[in-house]
Structure formats: structure tokens, C-alpha cells
Amino acid sequence: MVTETDFEVVSAVLSAEPISVDQAIAAVDSDTSGAVVSFSGVVRNHDGGKAVDRLSYSAHPTAHGVMSDVVAKLVAEHSGEATQPVRIWAAHRVGMLEVGDPALVCAVAAAHRGQAFAVCSELVDRIKAEVPIWKEQFFSDGTVEWVGAGE
């Protein structure tokens, strides 16, 4: 049985390859979209008062499925709220990233900006909270710190 929905998940993946806002926007944009909202979480050069050189993201083997489930659950909870299609694209990088590289990119296209902003914000929050991904930060002073491990 096929269920009709007003949401379309264009992509919800973990990627070892670079990701970008331009890629996400191009994937969700359509003639029905009055608003395209995007988010790009990028690697910054500092954390906790220390200089960061680079970082590495590691994912639990279940993370790919969890990412899909997180997006599917969000879609199920909001299904029926839109008069036009809402399109979603989300990707989180894994592997080594340099300062300035996008680590998490999401885009949501909807007929109206309020819905696009709300869905994109909720999507980012859920991915950060639920997908089992850990960050290893490499500081300029030679120290290393894991973030998210054990949470």
C-alpha cells in the first residue's frame, strides 16, 4: 500500500564525500517552493577557548538507518500540514574535515517560509540529538578531544 504524503525526502544520508548548501538547495527547489531554507554547520577554528586545526566524524554502524528514521519520523509527524509539497534534503559528513568544511547540511523547500524555517530547524535539532555520530577534535596544541562519545 502506498501512502500519499505532502512531504518528499529527497535525501537523508551520511556522506564520506563533501556536501554543500548549493547541492542541497538545488535538490529541493521546485516550482511549488516559495521558500527554500538551508542550514550549514561548518567546522570552526576554535572550541572551548582552544584553536582547532581539523576534526573527524565517526558514525555508529546503525547511523545510516537512524538518519533515515529521524527524517521519516519528522515527515510522519508533519504530514498533512502542507498544501503544497515540502521537500527535504539532509546529509552529515563522516571522516576527516578541515576548518570551513560543511559537516551537516540541511535544506527544506516549502510553499511558505514559516513552514520551511520550522521544519529545517526541527530537522537539524533532531539529527544532532539522535543520530549516533561522534566528533574527534584535533587542537593546535596537539591535544585531542572526543565530543558526543558517551552521551
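This one's a predicted model, so the numbers in the text were calculated from it and none came from an experiment. Only heavy atoms go into these numbers, but all of them, side chains included; no hydrogens, no water, no symmetry mates.
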Residues in side chain to side chain contact (heavy atoms under 4.5 Å, CB included) with [X], at least two apart?
X      : answer
Val94  : Leu14, Ala16, Ala59
Arg126 : Val70, Lys73, Leu74, Glu77, Glu122, Glu130
His112 : none
Val21  : Ile25, Ser38, Ser40, Val105

**Asked** Are any of the side-chain nitrogens in Lys50 or Asp47 under 4.0 Å away from the carboxylate oxygens of its partner?
**Response** no

**Message:** Going by ring pair (Phe, Tyr, Trp, His ring centres under 6.0 Å), name the pairs with one or both residues in residues 52-98, residues two or more places apart or in two chains.
**Reply:** Tyr57-His92

**Counterpart residues, salt bridge (Lys or Arg N to Asp or Glu O under 4.0 Å), relative to Arg87 (two or more places apart)** = Glu8

**Complete:** Taking every heavy atom of Gln115 against every heavy atom of Ala82, the minimum-distance pair comes out as OE1-CB, 3.6 Å

**Message:** Ignoring hydrogens, what is the shortest heavy-atom contact between Pro18 and Gln23? Give both atom names and the distance.
**Reply:** O-OE1, 4.0 Å

Linking I/L/V/M/F/W/Y whenever any side-chain heavy atoms sit under 4.5 Å apart, do [X] and [Y] land together?
X      : Y      : value
Val71  : Val124 : yes
Ile127 : Val28  : no
Val119 : Met67  : yes
Leu123 : Val10  : no

Are the side chains of [Y] and [X] in contact, using a 4.5 Å heavy-atom criterion?
X      : Y      : answer
Ser121 : Phe39  : no
Val42  : Asp101 : no
Val144 : Glu136 : yes
Val108 : Val36  : no
Asp53  : Val99  : no

**Item:** From CA spacing to verdict: side chain to side chain contact (heavy atoms under 4.5 Å, CB included), Lys135, Trp146
**Value:** CA-CA 6 Å; Lys135 176 172 60 176; Trp146 280 93; over 6 Å; no

**Message:** side chain to side chain donor-acceptor pair (under 3.5 Å) for Thr143 and Asp141? Distances and angles first, verdict last.
**Reply:** CA-CA 6 Å; Thr143 60; Asp141 66 7; 2.6 Å; yes

Can you tell me how far the [atom1] atom of [X] sits from the [atom2] atom of [Y], to the nearest 0.5 Å?
X      : Y      : atom1 : atom2 : result
Arg93  : Ser15  : CZ    : OG    : 6.0 Å
Leu104 : Cys106 : CG    : SG    : 4.5 Å
Asn45  : Glu98  : CG    : CD    : 12.5 Å

Can any side-chain N or O of [X] pair as donor or acceptor with the backbone N or O of [Y] at less than 3.5 Å?
X     : Y      : value
Arg54 : Phe138 : no
Ser33 : Ala35  : no
Asp6  : Pro85  : no

